[in-house]
Amino acid sequence: MSTTEKVPAPVTGAAPRPKPRRRITDENGRRMPLWEIILRYGLLLAVLALMIGPFLWQLSTSLKGPHEDIFSSPPKFLPSDPTLHNYGRVADTIPVWDYALNSLKVAAANVVTNCVGAALAGYALARLRYRGRRAATLVFILAMLVPVEGIIIAQFTTMRELGLNNTLIGVLLPGCVSALNVLLMRNAFLNVPYEIEEAAFVDGANVWQRFVRIALPAVKGTLAVVAIFAFMGAWDDFLWPLIVLSDPERFTLTIGLNYLHGTFANDERLVAAGTVIAVLPLIVLFACLQRYFFRGVGEGAVKG
Amino acid sequence: MKSSTRTSTVRIRRQLPTSPWLFAAPGLAVVAVFILYPFVSTLNNSFTDKRTLIPGEYVGLANFRELLHDDMFWIGLRNSTLYVLVVVPALVLLPLLLAMLVQKHIPGITFFRSAFYTPVVASIVVVGLIWVWMLDERGLVNAVLEAVGVGKVGFLSDQWLLLFSAMAVTVWKGLGYYMIIYLAALANVPRELHEAAAVDGAGAVRRFFSVTVPAVRSTMVLVGALSSVAAFKVFSEVYLMAGPAGGPAGEDTTLVMLVQRTGTGLTGRVGYASAISVVVFVVTVALMLLVLRADRKEDA
């Protein structure tokens with residue numbers, strides 16, 4: 001390959017097209033040998049099949065009609081007669097759209113409370129000077145270290161004492177301002193140069209104006225990361241809603257799916273359709289915002 | 001410049017002495033009521049015989065003494081520990097290899113990175129149910145195994161295969177997450193180190209162990225700490241694949257599953273479940289300290 005590339009293309013016809021061949025290079029601009037290119041793409045495709053294949057298989061199962069054998073051997077990947085019938089049947093079996101709406105409410109509320117609460121507290125920890133600031137910071141650090149799985153029974157009894165068991169508010173509250181998000185916002189505010197706020201202060205801006213007009217716009221990126229992870233965390237959560245919700249009418253989508261699986265385990269098409277409904281919005285969200293996702297994981301790992 | 005910063009800060013403080021607490025109040029309240037208070041009350045409840053509808057009384061160490069003779073507790077402890085021992089080495093090593101694979105900026109690499117991250121984004125319930133279907137006796141994996149002449153394998157009916165299947169699912173779901181963490185670390189490895197090693201005649205394997213691994217060692221420790229704490233607290237994968245009762249004769253129950261099963265419901269033994277929770281705390285803190293200490297020792 002490396003030799004053929006150097007041979008100039010024979011000029012044929014009137015318009016010779018000097019088509020620049022794209023060379024595959026590494027980050028230092030060095031050419032990669034052909035065997036390495038083949039090996040890399042081969043491995044990438046193999047891993048791709050392993051990571052995405054199960055989702056596609058689930059999608060395929062959900063599209064297979066009632067008369068199609070979903071247990072055929074050898075397995076058939078493409079439905080012979082694709083149908084959306086199973087999606088209608090899920091809705092007849094469990095109120096899947098109500099569950100999705102419940103999940104959406106909790107996830108949207110979680111985004112708002114986390115963004116507002118974490119931004120406010122993060123600003124207080126990073127920017128304002130007062131007695132007890134270190135103690136406040138320590139409270140959030142300690143809270144971050146407490147494993148949620150270990151306090152879940154006490155959270156449940158606390159919620160019962162507040163009379164909020166079996167409500168969506170009860171699902172939302174324990175994570176509505178997470179300590180990790182507060183510390184992420186604190187670090188973001190610490191990185192904003194002080195001079196900008198000083199100038200605003202000299203111009204007579206009070207603390208709320210400085211916060212809203214100067215500091216917040218400067219940390220938009222981190223705020224986006226907090227929002228995305230707050231949405232995903234609430235939408236995907238399983239253990240806490242499982243404990244706090246008992247009335248099937250109030251279920252979120254994850255709990256509803258578990259219920260569907262337990263009750264109708266015999267019909268894989270139904271369960272498959274339910275999981276597709278649960279995962280599709282997230283995959284779309286992720287596809288649109290993947291840059292922020294990756295930044296968020298990096299930041300979380302370094303600073304968390 | 002420095003001095004002017006300081007004077008302004010002082011003036012900023014004088015302006016509104018109460019507002020800082022207003023800023024921090026919502027966050028502090030949530031964390032105090034729903035994290036710190038439950039933490040303290042878990043410790044407190046572990047010394048009582050509190051039940052869901054009964055306040056209970058102080059019973060000293062009775063719960064902990066009972067744990068010692070509770071077969072289910074030992075099964076849970078065994079399974080959670082086994083989970084750490086199998087999952088953590090896999091999650092320290094495999095995502096590093098994956099990160100090396102997606103490190104080079106070759107065409108289409110962003111697509112592959114995103115695709116490998118998809119299982120992280122998907123909810124654990126979706127992931128669990130997908131794999132229940134894949135590993136079912138009539139599912140895809142068994143169909144393939146049968147086609148190549150291996151025959152059916154009872155991934156979800158055998159006590160041990162079930163646990164190992166759940167571990168495999170945990171690894172599968174975690175690969176993308178730790179891959180991104182490693183990717184950030186690999187970006188900081190100086191290119192010259194690899195080149196110098198290559199000039200000295202070191203092959204790919206040799207360079208992996210003498211250049212890459214030492215350079216990302218602190219990230220490996222971080223991944224080890226994060227994944228061991230998460231693995232010990234495993235709940236959803238096993239709950240979904242084995243069922244609420246924890247598989248055949250409850251042999252696949254993990255500690256957090258036991259906490260959930262014991263402490264909830266109208267007859268839930270809150271005190272006893274809290275004692276198990278305390279064990280979960282102690283072990284997770286110990287795991288963190290162990291991993292971090294191993295890190296410091298190698299530095300010295």
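Within every chain, numbering begins at 1; the chains are lettered A, B, ... in the order of the sequence lines, protein sequences first and strands thereafter.
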> Nearest 0.5 Å please: distance from the CG atom of A/Leu145 over to the CD1 atom of B/Ile35.
11.5 Å

> What residue, out of B/Val280, B/Val120, B/Val126, has the most heavy-atom pairs lying under 4.5 Å from chain A?
B/Val126

> Counting only non-hydrogen atoms closer than 4.5 Å, does A/Leu285 touch chain B with its backbone (N, CA, C, O), its side chain (CB onward), both, or neither?
neither

> Less than 4.5 Å to any heavy atom of chain B: does that hold for the side chain of A/Phe55, its backbone, both, or neither?
both

> Heavy-atom cut-off 4.5 Å, strictly under: side chain, backbone, both or neither for A/Thr254 against chain B?
both

> Which one, B/Val31, B/Asn142, B/Val30, B/Val121, leads in non-hydrogen pairs under 4.5 Å with chain A?
B/Val121

> Going by heavy atoms in the side chains, are B/Phe34 and A/Ile151 under 4.5 Å from each other?
no

> What pair of heavy atoms forms the shortest contact from B/Phe281 to A/Pro147, and how long is it?
CD2-CG, 3.4 Å

> What distance separates A/Met51 CE from B/Trp172 CH2, expressed to the nearest 0.5 Å?
6.5 Å

> Look at the rings of B/Phe23 and A/Trp208 and say which category their plane angle falls in: under 30° parallel, 30 to 60° tilted, over 60° perpendicular.
parallel

> CZ/A/Arg40 to CZ/B/Phe112 distance, rounded to the nearest 0.5 angstrom?
12.0 Å

> Return the CD1 to OH distance between B/Ile106 and A/Tyr41, rounded to the nearest 0.5 Å.
4.0 Å

> Would you say B/Phe235 and A/Leu242 make side-chain contact, with heavy atoms under 4.5 Å?
yes

> So which of B/Val132, B/Ile109, B/Ile130, B/Thr42 has the largest heavy-atom pair count under 4.5 angstrom toward chain A?
B/Ile130

> Checking A/Leu39 against chain B: side chain, backbone, both or neither under 4.5 Å from a heavy atom?
neither

> Taking side chain as everything from C-beta outward and backbone as N, CA, C, O, which of these in A/Ile153 sits under 4.5 Å from a heavy atom of chain B? Side chain, backbone, both or neither.
side chain

> Begin with the C-alpha distance, continue with both residues' side-chain angles, and end with the deciding distance and a verdict on salt bridge (charged side-chain N to carboxylate O under 4.0 Å, His left out) for B/Lys104 and A/Glu36.
CA-CA 11 Å; B/Lys104 289 239 162 78; A/Glu36 194 184 337; 3.6 Å; yes

> Can you check whether B/Leu53's main-chain N or O pairs, donor with acceptor, with A/Arg160's side chain at less than 3.5 Å?
no

> With only heavy atoms counted, which part of A/Ile52 is less than 4.5 Å from chain B, the side chain, the backbone, both or neither?
side chain

> Counting heavy-atom pairs closer than 4.5 Å to chain A, which one of B/Arg113, B/Met134, B/Lys233 comes out on top?
B/Lys233

> Report yes if the side chains of A/Thr157 and B/Lys50 come closer than 4.5 Å at any heavy-atom pair, otherwise no.
yes

> Parallel under 30°, tilted from 30 to 60°, perpendicular over 60°: which one fits the rings of A/Trp57 and B/Trp133?
parallel

> Given a strict heavy-atom distance threshold of 4.5 Å, which part of A/Gln290 is in contact with chain B: side chain, backbone, both, or neither?
side chain

> Most heavy-atom pairs under 4.5 angstrom with chain A, which of B/Leu240, B/Val285, B/Thr262, B/Asn45?
B/Leu240

> Looking at chain A, which one of B/Val33, B/Val229, B/Thr52 has the largest number of heavy-atom pairs inside 4.5 Å, strictly under?
B/Thr52

> I'd like to check A/Leu48 versus B/Phe111 (side-chain heavy atoms, cut-off strictly below 4.5 Å). Are they in contact?
yes

> Between A/Thr61 and chain B, which part of the residue has a heavy atom less than 4.5 Å away: side chain, backbone, both or neither?
side chain

> I'd like to know which of A/Leu253, A/Ile243, A/Thr113, A/Leu142 tops the heavy-atom pair count under 4.5 Å against chain B.
A/Ile243

> Please name the pair of heavy atoms, one in B/Ala122 and one in A/Val279, separated by the smallest distance, quoted to 0.1 Å.
CB-CG2, 3.5 Å

> With sequence neighbours excluded, what pairs up with A/Pro193 under the side-chain contact (heavy atoms from CB on, under 4.5 Å) test?
A/Glu195, A/Ile196

> For residues 118-130 of chain B, which residue pairs pass the side-chain hydrogen bond (donor to acceptor under 3.5 Å, both in side chains) check, not counting sequence neighbours?
none

> Select one option (side chain, backbone, both, neither) describing which atoms of A/Val146 are under 4.5 Å from chain B's heavy atoms.
side chain

> Rounded to the nearest 0.5 Å, what separates atom OG in B/Ser236 from atom CG in A/Leu239?
6.0 Å

> Kindly compute the distance separating CG (B/Leu129) from CD (A/Gln58), expressed to the nearest 0.5 Å.
7.5 Å

> Would you name the heavy atoms of A/Val177 and B/Gly27 that are closest together and state the gap between them?
CG1-CA, 3.8 Å

